[in-house]
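Written below as structure tokens is the structure these notes are about.
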Amino acid sequence: MPYKECWDYQQEVHACVVAGRTPSTLLLLEHDPVVTVGRHGNSSNIYFTPDQLALKGVALHSIERGGDVTYHGPGQLIGYPILNLKELDIGVADYLRKLEESLISLLSAYGLQTHREDGYTGVWHQNAKVAAIGIAVKRWVTFHGFALNVTTDLDSFNLINPCGLSRPVTSIIELTQQGMECRAVAEDYLPHFAAVYGASLPELVEGKRTPKRL
């Protein structure tokens with residue numbers, strides 16, 4: 001899904017969740033190649049100009065999530081939880097820790113031992129980041145979320161200094177040497193997501209749905 005189209009859709013769903021017209025929703029998808037810059041992003045962490053990125057078929061957007069610079073593209077499972085934190089009765093810090101926990105739990109099911117790192121968000125395998133997290137919260141409803149590298153072309157991260165950390169990235173396929181598809185990983189992720197947030201197992205609905213209008 002093109003990044004700008006999904007960004008607009010997130011905001012539409014977010015407004016409906018805030019108004020109580022749509023339940024908390026988890027979007028799972030893949031993006032066309034894009035570099036995004038968060039609120040605290042440093043342009044020096046992007047190694048190419050916007051025109052050079054465009055020639056490579058990579059879009060560029062500055063957005064309202066936390067964090068620095070990251071890359072999204074095919075083979076990467078994107079998760080955008082649009083959750084009402086008041087209904088969940090948790091704060092932002094707990095929400096972030098639970099998001100990391102859900103991914104660590106999923107990766108454990110694949111036989112991978114991953115962890116958090118003090119002072120950072122995301123999920124790590126040894127010294128390499130396998131999942132990046134950058135969120136925004138407005139009126140106690142979350143948006144943006146995580147990017148889990150499944151079969152991502154890791155050379156694409158050479159466009160940037162990922163998250164401004166000068167550290168390597170990895171993927172599920174690199175770590176397991178097993179063929180996987182984002183669609184299957186999305187299905188596998190649902191029970192882990194539901195468990196950490198105490199939710200009923202959500203239904204995976206294909207395609208974009210128009211939320212109830214305000």
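Quantities reported herein were computed from a predicted structural model and do not represent experimental measurements. Hydrogens, waters and symmetry mates are skipped; everything else that's a heavy atom, side chains included, is used.
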Problem set entry | Euclidean distance, T114 OG1 relative to L103 CG, rounded to 0.5 Å | 8.0 Å
For [X] and [Y], indicate whether the former's side chain and the latter's backbone hold a donor-acceptor pair under 3.5 Å.
X	Y	result
T70	D68	no
H14	K138	yes
T170	A128	no
T152	G75	yes
Q76	Y71	yes
D89	K86	no
Q10	H144	yes

Exercise. Aromatic ring centroids of F146 and Y189 under 6.0 Å?
Worked result: yes
Exercise. Should T121 and R116 be marked as a side-chain hydrogen bond (donor to acceptor under 3.5 Å, both in side chains) after you check the CA-CA gap, both sets of side-chain angles, and the distance that decides it?
Worked result: CA-CA 7 Å; T121 58; R116 302 180 178 91; over 6 Å; no
Within-4.5 Å side-chain heavy-atom neighbours: [X] and [Y]:
X	Y	result
N149	I172	no
I135	V92	yes
E64	F143	yes

For this session: Begin with the C-alpha distance, continue with both residues' side-chain angles, and end with the deciding distance and a verdict on side-chain contact (heavy atoms from CB on, under 4.5 Å) for I82 and V141.
Result: CA-CA 6 Å; I82 305 175; V141 174; 3.8 Å; yes
For this session: Just do the side-chain contact (heavy atoms from CB on, under 4.5 Å) check on R167 and W124 with the steps written out, would you?
Result: CA-CA 11 Å; R167 292 175 63 177; W124 305 77; 3.5 Å; yes
